[in-house]
There are 2 protein chains.
Amino acid sequence: MSAQTPIRFGILGCAEIARKVSRAITVAQNATLYAVGSRSIDKATAFAKANNFPANAKIYGSYDAVLDDPDVDAVYVPLPTSLHVKWAVLAAQKKKHILLEKPVALNVAEFDMIAEACESGGVQIMDGTMWMHHPRTAKMSEFLSDPNRFGQLRSIHTVFTFPSDPDFLKNDIRVNPDLDAHGALGDTGWYCIRGILWVSNFELPKTVIALRGPIFNEVGVILSCGASLHWEDGKVATFHCSFLSSLTMEITAVGTKGTLHVDGFVIPHQEKEACFSFASETGFDEFVTSWVPPPSQHIVTTDLPQEVLMVREFSRLVGTIKNGSKPEKKWPTLSRKTQIVLDAVKASIDKGFEPIDIKY
Amino acid sequence: MSAQTPIRFGILGCAEIARKVSRAITVAQNATLYAVGSRSIDKATAFAKANNFPANAKIYGSYDAVLDDPDVDAVYVPLPTSLHVKWAVLAAQKKKHILLEKPVALNVAEFDMIAEACESGGVQIMDGTMWMHHPRTAKMSEFLSDPNRFGQLRSIHTVFTFPSDPDFLKNDIRVNPDLDAHGALGDTGWYCIRGILWVSNFELPKTVIALRGPIFNEVGVILSCGASLHWEDGKVATFHCSFLSSLTMEITAVGTKGTLHVDGFVIPHQEKEACFSFASETGFDEFVTSWVPPPSQHIVTTDLPQEVLMVREFSRLVGTIKNGSKPEKKWPTLSRKTQIVLDAVKASIDKGFEPIDIKY
């Protein structure tokens with residue numbers, strides 16, 4: 001780590017996920033919890049206390065107050081998706097760097113407003129897709145990008161589902177059409193889509209088609225859906241996302257020479273070690289009764305959990321910008337591509353499962 | 001094993017897969033290699049020699065001669081799919097029990113002719129889907145049928161792909177439209193579909209839709225394709241099958257309470273032990289950084305490889321029929337359902353990816 005002053009974070013709102021990210025900011029040596037704002041000062045006070053904010057942290061009764069604090073370097077925005085465009089644009093205008101929860105916006109037009117505000121303000125934006133920062137992800141990328149071990153990508157399947165209790169299905173912001181209008185597609189589906197794009201080296205598909213049979217709640221929010229993605233060169237991907245099934249987080253990527261499989265791709269089974277398997281140029285024994293060689297299992301350990309690595313990387317980028325560098329464009333580019341595909345899945349559902357051509 | 005006289009097998013043709021099944025017949029204590037027929041007597045002689053046929057085995061220069069041998073109890077039919085209806089119907093008429101390679105026919109109408117001939121002839125028919133007979137399959141079924149551990153099935157994904165060399169792509173019967181007209185769909189796709197039906201307790205889907213972007217060879221045979229399957233109750237399945245990708249054989253089945261994942265479902269990584277994993281009622285720790293409990297890994301060992309268990313079960317059924325029992329209808333029922341879905345995928349491809357309603 002560089003010896004720079006830690007990046008001072010302000011947190012907008014007291015969402016459940018903000019507990020995990022607050023812990024990560026505490027652990028990351030180049031970041032510090034500096035302020036929290038909530039529409040309720042009591043909630044903000046309780047949140048700061050419960051999440052080990054420093055004694056001198058600023059507790060505010062509004063989001064505006066956090067943005068108006070000149071000592072806040074960066075904001076973490078875990079607000080409902082429908083509020084992202086307002087608060088992220090405002091944050092960028094106030095020159096705050098932004099760590100933005102996913103889905104980054106209700107649609108790509110909104111995200112473009114955010115990204116443009118960040119560009120004008122000269123601030124970094126990164127979305128909160130934590131697994132991108134796990135060292136396992138980099139290790140798996142080595143395999144996927146190896147023409148000898150993986151070859152040319154042919155197909156991908158991703159799944160992210162978790163079960164919901166009646167309270168979640170009634171009260172969670174993720175099933176409220178005014179807050180997180182995309183439901184499971186915006187939440188677990190975001191990761192499925194990001195997983196597919198990550199495997200395909202972020203080459204956008206040509207066409208997206210929602211699978212039939214999405215399940216909605218009584219106010220029209222998606223609780224379960226899926227889609228197929230199609231590229232010009234014949235690559236195909238499918239995914240399934242849901243709030244109604246057992247916890248599952250899988251990627252299977254099949255190339256001409258190798259196959260990658262990872263369980264727990266969004267959140268590894270263990271905090272400090274993560275597994276995946278791959279098979280490369282495998283075949284059968286003489287009587288086709290066993291694999292030669294069998295797929296190999298790999299474990300990647302990490303001293304710091306992935307959310308700390310995310311905060312550390314974000315803060316490092318903010319530090320370089322403070323020292324005169326430009327914001328890193330990779331991160332908003334990945335956010336935007338994920339949002340483009342998410343929008344296409346939604347459009348396909350809305351249009352009765354018609355193919356949607358991706359234009360970009 | 002019962003002390004019955006071993007079932008005497010005649011083999012029609014000298015296909016590559018017949019080597020593996022010949023070995024299985026040799027190993028199974030209730031079965032014996034009795035005859036082989038080929039259009040070339042030289043090929044039949046060489047095959048018998050290479051595959052440890054007993055010295056007194058009958059070597060025939062035609063398939064008819066095998067069927068006309070009154071001492072042949074059962075035939076194994078690894079002929080190209082387009083020949084199945086002719087030779088399986090003839091075998092049934094000659095009262096030979098039939099172990100039939102997959103796909104069982106070019107379409108369900110042809111299979112119904114075979115099944116009716118078997119019923120009239122009072123003979124057993126079973127298709128050569130070996131993994132159905134592995135003890136791992138029974139073990140996984142226990143999990144899938146457990147309402148407390150797996151709950152209600154919500155989604156399934158299966159993949160079976162293998163890479164082909166130029167010789168295969170030019171000369172293999174599986175890419176010849178006059179022999180195995182369904183290509184990868186009839187071969188690896190058969191297993192993907194069977195895997196989906198097995199997970200869904202053989203409940204046929206309501207609708208089948210091929211995924212766009214199937215790849216064909218220059219004479220129109222499928223080299224790669226996929227489909228989604230949809231049930232009335234909202235269950236959804238997808239699969240991908242191909243001759244153009246790295247060896248991959250996976251099933252992921254997601255229920256409301258549990259998730260099953262199996263690699264190498266068609267052929268286990270090792271001949272005598274096979275693995276799978278499942279997660280049941282799992283969730284996260286406080287900070288959502290690990291799974292509690294994590295998925296569990298399971299290994300099922302078997303003294304006899306799955307193809308021997310298949311031959312043993314088939315021969316056991318033939319033995320009971322010789323002793324007055326009726327043929328077991330389960331096996332042709334499973335073959336028929338698999339063929340119905342295969343036909344629907346093909347029809348959807350032929351009709352430009354239209355949804356095909358399953359009627360049965």
Side-chain angles (χ1 to χ4, degrees), chain A residues 17 19-20 23 150-151 154-155 157 159 161-163 207 209 211-213 215 224 226 228 230-231 234-236 238 240 242 244-248 250 252 254-259 261 263-264 267-271 277 279-285 287-291 294-295 305-307 355, chain B residues 17 19-20 23 150-151 154-155 157 159 161-163 207 209 211-213 215 224 226 228 230-231 234-236 238 240 242 244-248 250 252 254-259 261 263-264 267-271 277 279-285 287-291 294-295 305-307 355:
Chain A
I17 184 71
R19 294 173 60 228
K20 181 173 182 173
R23 191 182 75 142
F150 187 70
R154 303 302 308 155
S155 76
H157 184 70
V159 191
T161 63
F162 65 76
T207 309
I209 312 172
L211 298 181
R212 282 155 203 255
I215 298 172
S224 170
S228 63
H230 305 268
W231 284 258
K235 280 195 299 281
V236 60
T238 46
H240 176 71
S242 176
L244 304 175
S245 294
S246 163
L247 181 59
T248 311
E250 293 189 5
T252 297
V254 186
T256 49
K257 293 189 176 176
T259 299
H261 181 77
D263 279 353
I267 294 169
H269 299 150
Q270 296 182 57
E271 187 174 319
S277 74
S280 187
E281 298 211 272
T282 185
F284 296 120
D285 66 344
F287 281 104
V288 192
T289 60
S290 63
W291 295 39
Q306 60 186 11
E307 65 275 13
Chain B
I17 184 70
R19 296 174 58 227
K20 181 173 181 173
R23 191 182 74 139
F150 187 70
R154 304 302 308 155
S155 76
H157 184 70
V159 191
T161 63
F162 65 76
T207 310
I209 311 172
L211 298 181
R212 282 155 204 255
I215 298 172
S224 169
S228 62
H230 306 268
W231 285 259
K235 279 195 299 281
V236 60
T238 47
H240 176 72
S242 176
L244 304 175
S245 294
S246 163
L247 182 58
T248 311
E250 294 190 4
T252 297
V254 186
T256 49
K257 292 189 177 176
T259 299
H261 181 77
D263 278 354
I267 294 169
H269 300 151
Q270 296 184 56
E271 187 175 318
S277 73
S280 188
E281 298 211 89
T282 186
F284 295 121
D285 66 343
F287 281 104
V288 192
T289 59
S290 64
W291 296 38
Q306 59 187 10
E307 64 276 13

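Just so it is clear: chains get the letters A, B, ... in the order the sequence lines come, proteins before strands, and each one is counted from 1.
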B:His240 vs A:Val236, side-chain contact (heavy atoms from CB on, under 4.5 Å): CA-CA, chis, key distance, verdict: CA-CA 9 Å; B:His240 176 72; A:Val236 60; 3.8 Å; yes
Picking from B:Gly264, B:Gly283, B:Ser228, B:Ser155, which has the most non-hydrogen pairs under 4.5 angstrom with chain A? B:Ser155
So which of A:Gly255, A:Pro163, A:Pro305 has the biggest tally of heavy-atom pairs under 4.5 Å with chain B? A:Gly255
According to the interplanar angle, ranging from 0 to 90°, do the rings of A:His157 and B:His157 count as parallel (below 30°), tilted (30 to 60°) or perpendicular (above 60°)? parallel
A side-chain contact here means heavy atoms from C-beta on lying under 4.5 Å apart; do A:Arg212 and B:Pro355 qualify? yes
Heavy-atom distances under 4.5 Å only: say whether A:Thr248 touches chain B with side chain, backbone, both or neither. both
Okay, A:Glu271 and chain B: the region with an atom under 4.5 Å from a heavy atom over there is both
Sub-3.5 Å donor-acceptor pair from the side chain of B:Trp291 to the main-chain atoms of A:Ile267, do we have one? yes
Determine the minimum heavy-atom distance between A:Asp263 and B:Ser277, stating which atoms define it. OD2-OG, 4.2 Å
Region of A:Thr256 that comes under 4.5 Å of a non-hydrogen atom in chain B: both
At a heavy-atom distance under 4.5 Å, which candidate from A:Ile215, A:Thr252, A:Asp285 has the highest pair count against chain B? A:Thr252
Please flag which part of A:Glu307 lies under 4.5 Å from any non-hydrogen atom of chain B: side chain, backbone, both or neither. side chain
Heavy-atom distance under 4.5 Å to chain A: side chain of B:Ile209, backbone, both or neither? side chain
Counting heavy-atom pairs under 4.5 Å with chain A, the top scorer among B:Gly213, B:Pro268, B:Gly234 is B:Pro268
Stepwise side-chain hydrogen bond (donor to acceptor under 3.5 Å, both in side chains) check, B:Gln270 with A:Ser290: CA-CA 5 Å; B:Gln270 296 184 56; A:Ser290 63; over 6 Å; no
Nearest heavy atoms of A:Arg154 and B:Leu244, plus distance in Å: CG-O, 4.1 Å
Parallel, tilted or perpendicular: which describes the rings of B:His261 and A:His261, with under 30° parallel and over 60° perpendicular? parallel
Does any heavy atom of chain B fall under 4.5 Å from the side chain of A:Thr161, the backbone, both, or neither of them? side chain
Does any part of the side chain of A:Lys20, heavy atoms only, come nearer than 4.5 Å to the side chain of B:Thr289, both counted from C-beta? yes
Nearest heavy atoms of A:Phe287 and B:Arg19, plus distance in Å: CE2-O, 3.8 Å
Residue pair B:His230 / A:Leu211, side-chain heavy-atom distance below 4.5 Å: yes
Which heavy atom of A:Ser245 sits nearest to which heavy atom of B:Val254, and what is that distance? CB-CG1, 3.4 Å
Go through B:Ala279, B:Ser224, B:Pro294, B:Gly258 and name the one with the most non-hydrogen pairs under 4.5 angstrom from chain A. B:Gly258
Heavy atoms only, distances under 4.5 angstrom: which of A:Lys257, A:Glu250, A:Gln306 has the most pairs with chain B? Name it, please. A:Glu250
When every non-hydrogen atom of B:Thr259 is compared with those of A:Ser246, the smallest separation belongs to OG1-OG, 3.1 Å
